[in-house]
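Quick note: numbers below take in every heavy atom, side chains included, and nothing from hydrogens, waters or symmetry partners. Everything numeric in this text was worked out from a predicted model, so none of it was measured. Proteins come first, then strands; the chains are lettered A, B, ... in the order of their sequence lines, and each starts at number 1.
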Amino acid sequence: MTKIATWNINSLRLRVSHLANIDADVICLQEMKCQNHELPVNELKKLGFEYQYARGEKAYNGVGIFSKVPLNDIETLDFGGNSQSRHISAKLPNGTRLHNFYVPAGGDEPDVNINLSYAHKLKFVEDMNAYFTSPKDKNHIILGDFNIAPFEHDVWSSRQLANVISHTPPERERMLSLYKTLGWVDVSRQFVPQTEKCYSWWSYRNKDWKKSNRGRRLDHIWVTPNLQSQLKSHHIMQPARDWEKPSDHVPIVAEILL
DNA sequence: ATGGTGGAAGGTCCA
């Protein structure tokens with residue numbers, strides 16, 4: 001049984017101690033916001049994450065896979081085509097390739113003609129689509145901060161967010177197109193019915209995130225169909241949003257028989 | 001309609 005976690009930590013150096021609260025064998029982080037030589041290597045080792053595969057970047061972005069067991073065949077790819085640190089993958093001991101993604105947020109204005117960030121986000125997902133249309137490996141887990149809430153009950157109000165980046169039709173269409181490439185299984189929706197609200201992110205800009213509960217499901221774990229029957233449990237760590245100096249995202253942990 | 005908060009950097013950008 002392997003427990004795999006994903007979390008947009010929004011600064012690894014600031015929140016590394018919170019990782020002690022996550023019960024996982026492999027933790028995939030996004031928005032580490034540090035360079036590789038600035039990683040808190042020893043703190044991570046003390047938590048049991050002896051094997052550290054990071055693709056850092058100064059101040060922004062940054063993805064890493066931190067594991068209690070050795071992984072191999074590390075690969076970093078340039079989805080979106082601007083060399084930001086938004087993807088890293090590794091092979092798990094059974095040969096499944098684990099991809100950690102940090103999809104661009106895309107800015108505020110949902111118009112590709114005036115907002116280059118939004119255009120970049122759409123291209124990023126199109127590149128993911130192309131990659132998984134003819135992947136070189138067979139079995140995959142993809143996870144991370146996809147910055148898209150694809151379904152109606154992945155946001156607090158689908159109608160009010162219809163023109164808000166993270167839930168616009170062009171993003172949702174591209175994500176569903178990606179979803180069809182390999183017949184992906186959306187792990188969270190295996191455990192939480194599609195008719196129920198389900199969130200992994202609450203804005204810092206809400207006075208009381210729990211009371212207003214205007215969340216979005218931006219973080220995802222998808223597996224290829226061969227792993228569907230191997231899924232054992234799934235946990236969105238909502239209490240993490242109340243940790244001291246919280247990230248605006250909470251960790252998601254999936255337990256999979258690999 | 002607006003601004004609300006947070007992290008890192010560093011005289012702002014991105015989320």
Side-chain angles (χ1 to χ4, degrees), chain A residues 6-19 28-41 43-44 54-64 78-87 100-112 114-125 143-150 154-157 159-168 170-172 175 199-220 237-252:
Chain A
T6 176
W7 189 25
N8 179 323
I9 195 169
N10 189 18
S11 174
L12 174 56
R13 287 174 293 179
L14 193 64
R15 302 195 170 87
V16 63
S17 64
H18 288 330
L19 295 174
C28 298
L29 300 177
Q30 305 87 39
E31 280 209 274
M32 301 193 301
K33 293 186 172 177
C34 67
Q35 299 166 84
N36 279 3
H37 70 265
E38 299 168 316
L39 286 172
V41 170
E43 290 92 330
L44 288 161
R55 180 182 178 186
E57 184 180 326
K58 188 177 182 178
Y60 300 109
N61 312 314
V63 286
D78 187 17
F79 294 86
N82 66 1
S83 302
Q84 294 176 342
S85 294
R86 296 181 177 276
H87 167 270
N100 179 11
F101 281 101
Y102 177 43
V103 176
D108 290 326
E109 192 58 54
D111 179 345
V112 294
I114 58 175
N115 178 0
L116 290 177
S117 299
Y118 186 52
H120 177 229
K121 180 180 197 174
L122 297 181
K123 174 167 173 27
F124 192 102
V125 182
L143 53 71
D145 177 2
F146 291 8
N147 264 315
I148 298 173
D154 294 339
V155 294
W156 61 277
S157 168
R159 189 176 55 82
Q160 284 176 261
L161 293 179
N163 205 31
V164 172
I165 290 179
S166 72
H167 196 62
T168 65
E171 296 168 89
R172 298 171 68 185
M175 192 161 166
Y199 312 136
S200 65
W201 173 90
W202 292 262
S203 172
Y204 283 124
R205 299 177 190 183
N206 283 337
K207 197 169 283 181
D208 185 337
W209 72 274
K210 205 182 289 178
K211 189 177 174 191
S212 56
N213 197 24
R214 294 185 167 187
R216 304 177 201 171
R217 188 169 73 102
L218 303 180
D219 304 274
H220 302 269
M237 297 180 64
Q238 186 162 332
R241 190 61 181 77
D242 274 332
W243 288 346
E244 192 178 349
K245 279 195 155 277
S247 168
D248 45 356
H249 296 253
V250 300
I252 303 177

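Using atom P as the reference point in both B:dA9 and B:dC13, the two lie 16 Å apart (nearest Å). Atom name C1', nucleotides B:dA15 and B:dG3: the rounded distance is 15 Å, in whole Å. B:dG10 and B:dC14 have their P atoms separated by 13 Å, given to the nearest Å.
The distance between atom CD of A:Q160 and atom P of B:dA1, rounded to the nearest whole Å, is 14 Å. As a whole-Å value, the separation of A:L14 CG from B:dT5 C1' is 14 Å. One interatomic measurement links the two molecules: CG of A:L116 to P of B:dC13, which rounds to 15 Å at whole-angstrom precision. B:dA15 atom C1' lies 14 Å from atom CD of A:E57, rounded to whole Å. Across the protein-nucleic acid pair, A:N147 atom CG and B:dC14 atom P stand 15 Å apart, rounded to whole Å. When rounded to the nearest whole Å, the span between CH2 of A:W201 and P of B:dA15 equals 13 Å. For the pair A:H18 NE2 and B:dG6 P, the computed distance is 13 Å after rounding to whole Å. Atom CG in A:D108 sits roughly 13 Å away from atom C1' in B:dG4 (whole-Å rounding).
With A:Y102 as the fixed residue, the side chain to side chain contact (heavy atoms under 4.5 Å, CB included) test singles out one of A:R86, A:Q84, A:R55, A:M32: A:R86. Tested against A:I148, the residues A:H220, A:M175, A:R217, A:H167 include a single side chain to side chain contact (heavy atoms under 4.5 Å, CB included) partner, A:M175.
One finds no side-chain N or O of A:K33 lying less than 4.0 angstrom from the OP1 or OP2 phosphate oxygen of B:dA15. Distances shown here put every side-chain N or O of A:R86 at or beyond 4.0 Å from the OP1 or OP2 atom of B:dC14. Not one side-chain nitrogen or oxygen of A:K121 sits closer than 4.0 Å to the OP1 or OP2 atom of B:dC14. Put simply, A:R205 has no side-chain N or O that comes within less than 4.0 Å of OP1 or OP2 on B:dA15. Contact annotation: A:R216 side-chain N/O to B:dA15 OP1/OP2 distance is not under 4.0 Å.
The side chain of A:Y204 has B:dG6 as its nearest neighbour among B:dG6, B:dC14, B:dA15. Of all nucleotides listed (B:dA15, B:dG7, B:dA9), B:dG7 comes nearest to the side chain of A:K245. Closest approach to the A:A59 side chain among B:dT5, B:dA9, B:dC14 is made by B:dA9 (side chain taken as heavy atoms from C-beta onward).
In terms of position along DNA chain B, the nucleotide closest to A:L12 lies nearer the 5' end than the nucleotide closest to the other residue of the pair A:L12 and A:D145. The residue among A:H249 and A:Q35 whose nearest nucleotide of DNA chain B lies closer to the 5′ end is A:Q35.
A donor-acceptor pair under 3.5 Å is formed between the side chain of A:S85 and the backbone N or O of A:G56. Looking only at distances, no side-chain donor or acceptor of A:R214 sits under 3.5 Å from a matching main-chain atom of A:S157.
Remark: A:K121 NZ to A:N147 CG distance equals 5.0 Å, nearest 0.5 Å. Here the NE2 atom belonging to A:H87 is positioned 10.5 Å from the CG atom belonging to A:D78, to the nearest 0.5 angstrom.
Nucleic acid contact class of A:K207 (heavy atoms, under 4.0 Å, all strands): none.
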